[in-house]
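I have placed the structure first, in the form of structure tokens, so that the comments after it can refer back to it.
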Amino acid sequence: MARANDDAAAALTEYAELFALTGGDAFRVRSYQKAAKAIAGFPEDISVADVRGVPGVGEAIAKKMEEFLQRGSFRQLDDLRGRVPEGVRRLTRVPTLGPKTAIMLFEDYGIDSPAALGEAITSGRLDGVKGLGPKTLANLLKGIEQLEQSGRRVHIGVAMSLAEQVMTSLKAERIAYAGSLRRMKDTIGDIDILAVAPESIMTEFRAQPYVAEIIAAGDKKTSIRTTSGLQVDLRVVPAESWGAAMQYFTGSKEHNVAIREMAVKKGWKLSEYGLFEGERVIASESEEDIYAALGMQFVPPPMREDGGEVKAALRGELPTLVQLADLKGDLHTHTNLTDGIASLEDMVAAGHARGYVYYAVTDHAPDLAMQRMTLDKALEQRQQVADLQQKYPDMRLLHGTELNIAPDGSVDWPGEILREFDVCVASVHSHFSMSRDEMTRRFIAACENPYVDIIGHPTTRKIGKRPQVDADWEAVFRAAGRTGTAMEIDSFPDRSDLPADLVRLAKHHGVKFSIDSDSHAIPHLTNQRFGVGIAQRAWLTTEDVINTWPLERLLAFLGR
DNA sequence: GCCGTTTTCGGCCCGACTGTTTTCAGTCG
């Protein structure tokens, strides 16, 4: 992930943070943050294309970015780095501690890290300081502990099941999750739940067994920390403001700022209670009404990231996003012949029950020695698949395999064997820390294998456990586009791989995608909904996703 | 800092909650 854009955006984000910490103008801070985000999401490489073409980048930021591309930093950033110790930046990561307090602590008391702050509080050195009462100090101390222990984001699978648990535990007229979960981000920091319900729902909520700690308790909002460490906010909203509240709490913050500015320009005001002209309600009951009143298309939640969706919606040019119901099959699944836990018969029956038009069985191949796979076993399975096909005249079974991409880019079997499979997924399962150049060559070699149809879980990350491998993704995607090799969107929530930003980049290079479950058990088949979320965040349509295509078109793509 | 069929200057989103304040600042989303 070391595109020039990402490095430049990271430097600009750091500058925004330091600028805020040194008491810089808040509007300028926002300009820097906005520009950084736009640069990171810009499909063209700014070391080649003119950075002035990025929305939100004017003359001043362009100059900083040009200097950064020249020498890996810029003068103003160097200045601020010299003035603000690294630990002071970490101070603002303590919950409830913002830039104002961080500056004050550093300048007046020389506190330059969360650890130093903890020490100052316990030693009583901050007792009686204006603005820092005993409760504030106790909260900060607790925040420092949390920062050290958890405070980490969880992947969407964990967050989704917690949200569903919370919603079923409460009685409400209407209840739904909003926030980054509704936007289908791959990692979630906390969960926002909205409800239309009597105020008694708050006491009911606070008494639930999953509540470990009550962070805030009001009439309209209660925040708790669950036993798993994740924060959940429950907000009670009036029924007539449901749409406005969902719109507001779904975010993203940047998307909301953009559409609020539009409301202001029309002389209106948009809040979580509705869209108003003075006292008059223009729209509030549904999100659809609000977007319509603002003269724009309804923006699906996964697109609400201020990444060009507002302009596109105003022009009526939002793409029709791929939906879960568009998927006609799954092209990456396992059985108990290798590391799956369900039999071929049961997996296929479960796929058929989901209404698929086609279903691929792709067990591992011999190079993953621990799977004890052999060519004989694979051929025997092929016969079983052919026999099973008789039972399912309305669903085409594909016999495939998940190959292992060796460090040199080769795979388990030679071409004369590979071509007998209906579909070949190829994935990296080991040697994760090769150099960027070697890893890039490895992926390109796999793409150039004429029998490799799909690169499985390309970055091989495991959220919270293993980082992405390092590769020149632009070069890999160019090779995939050129060779007609699809990139997988592995829907397993701890993988979520490719991530949405890389999907966008790959699409820019003409790459097609396969949204697969990588199921090792029957319940995993439903994970495709997370993969669809990634695809939607990357603005994919059915045209981009090969397993939404009719069987004949898919078979033509696979070229067998 | 950026931005503009109301602007090249003067704007730039808004409300809830907490802890501390005797009317409000800071933080968060």
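The shown structure was predicted, so the numbers you read here are calculated from the model rather than taken from an experiment. Proteins come first, then strands; the chains are lettered A, B, ... in the order of their sequence lines, and each starts at number 1.
- Every residue two or more places apart in sequence or in another chain that forms a ring-ring contact (aromatic ring centres under 6.0 Å, His included) with A:Y15 is listed here: A:F19, A:Y32, A:F74.
- Listed by chain and residue number, nothing satisfies the ring-ring contact (aromatic ring centres under 6.0 Å, His included) test with A:Y273 (two or more places apart in sequence, or in another chain).
- With A:E261 as the partner, the salt bridge (Lys or Arg N to Asp or Glu O under 4.0 Å) test is satisfied by one option alone out of A:K269, A:R30, A:K266: A:R30.
- Side-chain contact, A:T96 with A:N139: no donor N or O sits under 3.5 Å from an acceptor N or O.
- A sub-4.0 Å separation between OP1 or OP2 of B:dC28 and a side-chain N or O of A:Y248 is absent.
- Scored by the side-chain hydrogen bond (donor to acceptor under 3.5 Å, both in side chains) test, A:D289 finds A:S286 as partners (sequence neighbours excluded).
- Going from the C1' atom of B:dT8 to that of B:dC13 covers 24 Å, rounded to whole Å.
- Within the 4.0 Å cut-off from OP1 or OP2 of B:dG15, not a single side-chain nitrogen or oxygen of A:R235 is found.
- With no hydrogens or angles considered, a side-chain donor-acceptor pair links A:E309 and A:H255 at under 3.5 Å.
- Looking at A:N527 and A:S517, their side chains never bring a donor and an acceptor atom within 3.5 Å of each other.
- Residue A:K64 is in sugar-phosphate contact alone, with no base atom involved, counting any heavy-atom pair closer than 4.0 Å across all strands shown.
- If you check residues 286-299 of chain A against DNA chain B, you find no residue with a heavy atom closer than 4.0 Å.
- Residues passing the ring-ring contact (aromatic ring centres under 6.0 Å, His included) test with A:H524, sequence neighbours excluded: A:F492.
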- request: Produce a footprint string for nucleotides 22-27 of chain B: one letter per nucleotide, 5' end first; B if the base is under 4.0 Å from any protein heavy atom, S if only the sugar-phosphate is, - if neither.
  value: ----SS
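- Donor-acceptor pairing under 3.5 Å is recorded for the side chains of A:T250 and A:R182.
- Partners of A:T92 under the side chain to side chain contact (heavy atoms under 4.5 Å, CB included) rule, at least two apart in sequence or in another chain, are A:E17, A:L21, A:A102.
- For A:F27, there are no ring-ring contact (aromatic ring centres under 6.0 Å, His included) partners two or more places apart in sequence or in a different chain.
- Every residue meeting the salt bridge (charged side-chain N to carboxylate O under 4.0 Å, His left out) condition with A:E543, not counting sequence neighbours, appears here in chain and number order: A:R553.
- Residues from residues 250-266 of chain A that place a heavy atom under 4.0 Å from any atom of DNA chain B, listed by number: A:K253, A:V257, A:R260, A:E261, A:V264, A:K265.
- Applying a 4.0 Å cut-off to non-hydrogen atoms, none of the residues of residues 196-204 of chain A approaches DNA chain B.
- The separation of B:dC2 from B:dT6, taken at their P atoms, amounts to 23 Å, rounded to a whole angstrom.
- Taken residue by residue, residues 66-90 of chain A places no heavy atom nearer than 4.0 Å to DNA chain B.
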